[in-house]
Protein chains: 2
Amino acid sequence: MGPGKVRLSDVAAVAGVSLSTASKALNGSTRISGATRERVREAALRLDFRPDALAQSFASGRSRTVGVLTHRALSTFAQPVLIGAVLLLGERDQATLVYDGDVGVSRRLGHSVRELQARRIDGLLVIGDGHERVTASLTHHFGVPVSYAFTASDDPDDVVFLPDNELVGRMAAEHLVERGRRRIAHLTGPGTSIAVRLRESGFREVLAGAGLEPVGPVLRSGWGRDWGTQAMDRLLDSGTRVDAVFCGNDHIALGALEACTRRGVAVPDDIALIGVDNWEGVVVDQNTRQITTLDLQLEELGRRAAASLVDERPEPGQHRLAPTLVVGPST
Amino acid sequence: MGPGKVRLSDVAAVAGVSLSTASKALNGSTRISGATRERVREAALRLDFRPDALAQSFASGRSRTVGVLTHRALSTFAQPVLIGAVLLLGERDQATLVYDGDVGVSRRLGHSVRELQARRIDGLLVIGDGHERVTASLTHHFGVPVSYAFTASDDPDDVVFLPDNELVGRMAAEHLVERGRRRIAHLTGPGTSIAVRLRESGFREVLAGAGLEPVGPVLRSGWGRDWGTQAMDRLLDSGTRVDAVFCGNDHIALGALEACTRRGVAVPDDIALIGVDNWEGVVVDQNTRQITTLDLQLEELGRRAAASLVDERPEPGQHRLAPTLVVGPST
DNA sequence: CTGAAAGCGCTTACAG
DNA sequence: CTGAAAGCGCTTACAG
């Protein structure tokens, strides 16, 4: 259906202007008389002109495609980052070329980098797998903007987006302190984890500001529900008086909740629990919404990182995204 | 760094052939003498020639970009489908242009369709939000292959990929029957749901084949954990003897587990529980792996649907993907 | 502000 | 099997 493909030259002819003028009228913010612009626009509208994106890209050198490099086997946490990036890029009419592979392994990487260069991507987003690893900077391989999401880069001049894990700790502490809790313990993941250390540091900072410190020893080990149960039992067995626990993630918080329930400790009346991740089902979709959590806003992280490539280019350095407090109704 | 951009004409010159011959030697499966092909390849390698993808696309009309239309606000379930699609397409060196919007609402859709056409996409993938809704076919808007994932289309000639929900029911029943369970109940989601009906139908079919039928009334209502607890309580209160329960999803199964635990019913010794979704944390990462589940393989669904656009084109009609059984160790 | 012209770097009938 | 030539449909200095 239709009179064949409409080209810009057809629009120009109908509008009674040259090809180059038509082009500028439609795209360029160049000096063009308002009247001419209107005439060209009308003609384009009337003819239902749609510029051939392939030709535009070829002529302009802009591919309207952003490359994305992800770390092999996208984790639960990295997935929303990629989703956010892909959706934002779509909103900007940018396609996404995703290569998955171990960003630390140069073999696969070499192929991906070459392909992305050949594609003349307009920008590159490197998505890592959390705060734990540092990605070797790839920025110098590309003549286009490169940003890093959910991983640090080893070049301080890179544009990096990370969840603000220190703020996570501060917000957890503030939430509990504001609600009158004073004897706050901390059960968390392995002490080798950067996220664990940052969260703990923010947590201690706010406590100190309120003239407090963590009650009992900070227990650091795993990220699983089992560990949460075990740690909570240990804490309560020790006889430490506790009125709140900051759990390093929601799995730990659920494990702690289980221990409390088993021992007849009321949550949150006797002990308030706060976790991290907004793990689906922890807060939503349960009567037993006894846990408050902090959402790392990972999809938004992906959106911001992608936007940094196609919208205004931000300052070099680490950009930290604030988490969101998701309050269990009874807390 | 380097002697400027290497073009195909440079390769041709070095190899001592014409531009067109060089092009065919590198891409075409056309009749080219082995010797010539080798010479051209060597030259390309030596010069580190990388074809300009923009020029290739423009000349060939193939954009190496696949369009993806997703239903507004990607759900937890639709996300892995998109991830799978994007990753597979990357493996095929295909970029992805994702437009999110209500596929049923023509306003936004119109813009997306026009943009995708202008981009001269090589194929289109429509990702829906599960078995419940039927998407109006968009196939006729495009001259390129269109596939549908995680939604039905209203045109029987469309290529559609769905989880095999009937098989979900059959596999759940088979698993329980094979393990000697005979008094099997079914607690599930709303009776209006297509997925609920298909799962129940497969479930009943296998039971019937074993000379059985569901024990007690099939309880249909919500998808949440609360409902699972409530339904399990109702079932046990009724005095019905039960040795297994097929739960419509993992949330329901977890709710049922809670009810059992509270009442001192041993799972899986007294009552085996099987759910659906392989919801993170249900089976993995807990000592209390008391629940078996069926994984809908949604990422694989996305991969298959994407592959149907860029690899071999499958038959029209619905293609159903088998779930995977994820057995809790003690079941 | 407008237009003529070159050029982006390949692919692909077509003729030989 | 190989090559000369046209052409893909825009953008962008450049000159006017």
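A note on names: the letters A, B, ... follow the listed sequences, proteins ahead of strands, and every chain is numbered from 1.
In this structure, the separation between NE2 on B:His140 and CG on B:Asp158 is 10.0 Å, given to the nearest 0.5 Å. From B:Leu301, atom CG reaches atom CG of B:Leu162 across 7.0 Å, with rounding to the nearest 0.5 Å. Here A:Leu69 contributes atom CG and A:Thr151 contributes atom OG1; the two are 11.5 Å apart, rounded to the nearest 0.5 Å.
Contacts of B:Ser20 with the nucleic acid, taken as non-hydrogen atoms under 4.0 Å apart, include base atoms. B:Thr36 comes within contact range of the sugar-phosphate backbone alone, with a heavy-atom separation under 4.0 Å but no base atom that close. Using a 4.0 Å heavy-atom cutoff across all strands shown, B:Thr21 reaches at least one base atom of the nucleic acid.
For A:Ala195, the side chain to side chain contact (heavy atoms under 4.5 Å, CB included) test picks out A:His131, A:Glu132, A:Asn165, A:Ser193, A:Arg199, with sequence neighbours left out.
Counting to the nearest Å, the P atom of D:dT12 and the CG atom of A:Leu26 are 13 Å from each other. The distance from atom CG of B:Leu8 to atom P of C:dT12 is 13 Å, rounded to the nearest whole Å. Per the geometry, CZ belonging to B:Arg50 stands 15 Å off P belonging to C:dG9, to the nearest Å. Rounded to a whole Å, the CZ atom of B:Arg62 is 9 Å from the P atom of C:dT11. Rounded to an integer number of Å, the gap from CG of A:Leu54 to C1' of D:dC8 is 9 Å. Atom NZ of B:Lys24 and atom C1' of C:dC10 are 13 Å apart (whole Å). Rounded to an integer number of Å, the gap from CG of B:Asn27 to C1' of C:dT11 is 8 Å. Between B:Lys5 atom NZ and C:dG9 atom P there is a gap of 5 Å when expressed in whole angstrom units.
Side-chain proximity of B:Leu19 to the nucleotides C:dT11, C:dG9, C:dG7 is greatest for C:dT11. If you check C:dC10, C:dG3, D:dC10 against the side chain of A:Ala55, the one that comes closest is D:dC10. The side chain of A:Ser18 sits closest to C:dA4 out of D:dG3, C:dA4, D:dC10.
OP1 or OP2 of C:dC10 has not a single side-chain nitrogen or oxygen of B:Ser9 nearer than 4.0 Å. Within the 4.0 Å cut-off from OP1 or OP2 of D:dT11, at least one side-chain nitrogen or oxygen of A:Gln56 is found.
A parallel orientation is assigned to the rings of B:Phe58 and A:Phe58, their planes being inclined by less than 30° (bins at 30° and 60°). Ring geometry for B:His111 versus B:Tyr99: interplanar angle over 60°, hence perpendicular rather than tilted (30 to 60°).
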Starting at the 5' end of DNA chain D, write a dot or bracket for each base, bracketing those in Watson-Crick or G-U wobble pairs whose two distances are under 3.5 Å and using | for partners on another strand.
|||.||||||||.|||
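Take the nearest nucleotide of DNA chain D for B:Arg120 and for B:Val17: the residue whose nucleotide is more 5' is B:Val17.
When each of A:Asp52, A:Asp48, A:Asp10 is paired with A:Lys5, the salt bridge (charged side-chain N to carboxylate O under 4.0 Å, His left out) condition holds for A:Asp52 and for no other.
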